[in-house]
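Here's the structure, in structure tokens; my notes come after.
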Amino acid sequence: NMGWLVQAEAPPGPLLRSLRTAVLTGNASQQDIAFYFVHWFTALAGSVPTPMAGSEKFVLGFPLKVLSSFVASFSAVWNLGISQSETQVYENYLRWRWETHKPCLGPVPEGYGCVAQLRLVVMAQGNSKLLLKAFHQLPERDRRVLSEELARTGCEGQHYQHDAFRDQRGPAFLLYYGPAFLQKAGLLDPFGALLILAEILRQARGIWPLPVSAGCETVTIHIDTLKAETVTTCRNPPGGQVFVLEKSSRRSACVSRIKFKDFTTDFEAGHVRRCMLSF
């Protein structure tokens, strides 16, 4: 899913593992990868076809900035395989996005929390300076959650070279529709939007602790319920309702809105299965 790369939505494990496996086993060459991207690009173009007028998907559905990011991302994975791991390819891509960002954001961040900053800038697709300012103003506990959870790779034995966070336990988390949420709610209130993402990740870690054996696994957290919300509406849902995070399968969870009177904390094998989110 190239959208996961272009918007930094997923950690490198679920994003690139299958493709790298195909390369290492000799089932995919550099030419095959190039052909895959061409095929993916044309398939996307044809998803909303109007033969007499061209592709509405590219003409109407994609801002030029986003479309350009898709095309520019293709070359980022050509070195995937023996020479570079999933995490190395991903980190190089994130750093390249920072270096080519307009307006200039200054030197690429290094050390603890740098990957979180790189991913958040790509996820938000704009308003970058205010977003970074908000990140540094977060309470320490929230900034730590984002710094650590966004730096987990979902790849066993791998970590980011430029980030001081080296804990290789898992599972990692994929915030499905996280970019969409940041691009709307984060545009109006980046500080509040980051607090909401930190709360979701914190509660998700309560459902999925950190066994060493899960370092190569990823849990998908569906937050599409929030993609059209603002920070204000997240904090003030309609009367008598609350947002909850609920485990829906072994490797997925979803944020939903329910009536407060229907809420109960569920447990499974001693761990929380459903919890209320405090935005």
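This is a predicted model, so every value here is computed, not measured.
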Atom pair CG/OG of Leu105 and Ser128 - distance to nearest 0.5 Å: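 Answer for the CG-OG pair, Leu105 versus Ser128, is 5.5 Å.
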Straight-line distance of Glu149 CD to Ile200 CD1, nearest 0.5 Å: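 Going from the CD atom of Glu149 to the CD1 atom of Ile200 covers 12.5 Å.
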Side chain to side chain donor-acceptor pair (under 3.5 Å) between Ser18 and Thr21, worked out: CA-CA 5 Å; Ser18 296; Thr21 299; over 6 Å; no
Hydrophobic cluster of Phe165, others only, ordered by chain and residue number, side-chain cut-off 4.5 Å: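 Members alongside Phe165: Tyr112.
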Other cluster members, Ile258 - Ile/Leu/Val/Met/Phe/Trp/Tyr, side-chain contacts below 4.5 Å: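 Ile258 clusters with Val242, Val244, Phe260, Phe263, Met276.
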Aromatic ring pairing Tyr90/Tyr160, orientation class (parallel under 30°, perpendicular over 60°, tilted between):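 Rings of Tyr90 and Tyr160: tilted, 30 to 60°.
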Mutual orientation of the aromatic rings belonging to Phe243 and Phe279 [parallel < 30°, tilted 30-60°, perpendicular > 60°]: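 Tilted, since the angle between the ring planes falls between 30° and 60°.
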May I ask you to say whether [X] pairs ionically with [Y], meaning some side-chain N is under 4.0 Å from a carboxylate O?
| X | Y | value |
| --- | --- | --- |
| Arg169 | Glu148 | no |
| Glu229 | Arg257 | yes |
| Glu140 | Arg144 | yes |

Heavy atoms of other groups near Glu199 CD, more than 12 under 6.0 Å: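 Yes, enclosed.
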Heavy-atom neighbours of His39 NE2 exceed 12 at 6.0 Å: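 Count not over threshold, so no.
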Gln161 and Glu91: side chain donor to acceptor below 3.5 Å: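 There is no such pair between these side chains.
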Minimum side-chain heavy-atom gap Asp167-Arg152 below 4.5 Å: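 They are in side-chain contact.
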Side-chain heavy atoms of Asn92 within contact of Gln84, under 4.5 Å: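 Result yes, sub-4.5 Å side-chain heavy-atom pair found.
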